[in-house]
Novice: 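Take a look at the following structure, please.
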Amino acid sequence: MCVFSLKDSVPVAGLCPQGAYGVQDSLRSGFTSIKNELLPSHPLELSEKNFQPNQDKMNFSTLRSIQGLHAPLKLQMEYRAARQIQRLPFLQSSNLALDTLRGNDESIGFEDILNDPFQSEMMGEPHIMVEYQLGLL
Amino acid sequence: YLHWSSPYMYVSCSYIISRNAVLESSLSEFGYKAPSARKTGTTIAGIVFKDGVILGADTRATDDMVVADKNCMKIHYIAPKIYCCGAGVAADAEITTQIMASNVELHMLNTGRPPLVTMVTRQLKQMLFRYQGQIGASLIVGGVDVTGAHLYSVYPHGSYDKLPFVTMGSGAAAAVSVFEDRFKPNMELEKAKQLVRDAITAGIFCDLGSGSNVDLCVITEAGVEYLRGYDKPTMKGKREGQYRYKPGTTAVLTKTVTPLSLDVVDESVQIMNTE
């Protein structure tokens, strides 16, 4: 395990907790640690977290150079529309439309084999989650 | 075969990545060593001969200094005429080749064409580079496609070589020395099989991480011949003679008997519960 010094630390936005008001929800995501917020705990953590967004950015910029600004704009609109197709809050969506747009439906990677949401041991309480999403809670 | 392996990367749950990494680093603070990945400590080799490609591998999997599997399969299927030998961390090699096989099948269905060996190599090196060597799999990909017979070796960090003969694993030096001595382009089938067998045998005898049997896989335009257990150089030989001596072989010169006077003090019987 290599030693990380403070010069390897990244801007807080990269690793900071994802809860409301920037404070980590201890009930849902466990205890916080300042070290984990400043320094990556694995050499590939940031690279993997940003992999899909970086791929998209690269593809969009290539598309812009070849076909002009309209092409990535139209595609991004389609992505936004596809991302909105979801199931109820406690059910994992298959993201079929989004996968088809990205071309992920033609390849198999670790995200398809590991951490399958249909095999997870924990499930949210359906009623509470729906009420939370509708703002009734 | 699939025991401890390096923490896998998955896109959606980065907090699991950090949790695994944090747990591993905090283990060492307490003086415990995290279990190390089971490597195959291997000798794998491949050559291109007149009609195609021959891949060879030994069959030992090690857990540090203990032999974990005496007869594992290191030559994995990728496509009907493309096979891949894997060295390094056993789980990484196994899962990587299975993912490759699935991707090749999907690609074949998509394009409607049989796969090329370069396609497999390209997907492999792109995936291994993405994970920056954290996936400890060194692979030899060989096969026959519409453009001919090809042989590539791919390293864990994502570099690759295209050569007429390649060796990988801890016994690579022993195997490549045999190749460097006797390899000739366009060899005949039997001589080529003998050469690969000799190279793997050199790895088995000269490297501690390799052992047991030699597996071969012959891939030609006509098809694939998977020769599991082609040669067993480490098999124990049959003992030809008997070392038991007949009673009376040694002459008795003198005999002295000293009786010990012992009295029975106590006698007790304990019945065993044999149900």
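All values reported here derive from a predicted model rather than from experimental measurement. Quick note on labels: first sequence line is chain A, next is B, and so on, each numbered from 1.
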Novice: Taking the six-membered ring for Trp, is the centroid-to-centroid distance between B:Y77 and B:Y83 below 6.0 Å?
Specialist: yes
Novice: Salt bridge (Lys or Arg N to Asp or Glu O under 4.0 Å) with B:R228: which residues, sequence neighbours excluded?
Specialist: B:D215
Novice: So B:Y152 and B:Y160, would you call those rings parallel, tilted or perpendicular, with 30° and 60° as cut-offs?
Specialist: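 B:Y152 vs B:Y160 ring planes: tilted.
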Novice: Verify the neighbour count for atom NE2 of A:H70: are there more than 12 heavy atoms of other residues, nucleotides or ligands below 6.0 Å?
Specialist: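 Yes, enclosed.
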Novice: Taking salt bridge (Lys or Arg N to Asp or Glu O under 4.0 Å) as the test, write out the residues that go with B:D161, two or more places apart.
Specialist: none
Novice: Taking salt bridge (charged side-chain N to carboxylate O under 4.0 Å, His left out) as the cut-off, I'd like each qualifying pair that reaches into residues 51-75 of chain A, sequence neighbours left out, listed once.
Specialist: A:D56-A:R102
Novice: With a 4.5 Å heavy-atom cut-off (strictly below), which parts of residues 142-151 of chain B touch chain A? List them by number.
Specialist: none
Novice: Measuring heavy-atom distances to chain A, does B:M127 have an atom under 4.5 Å in its side chain, in its backbone, in both, or in neither?
Specialist: side chain
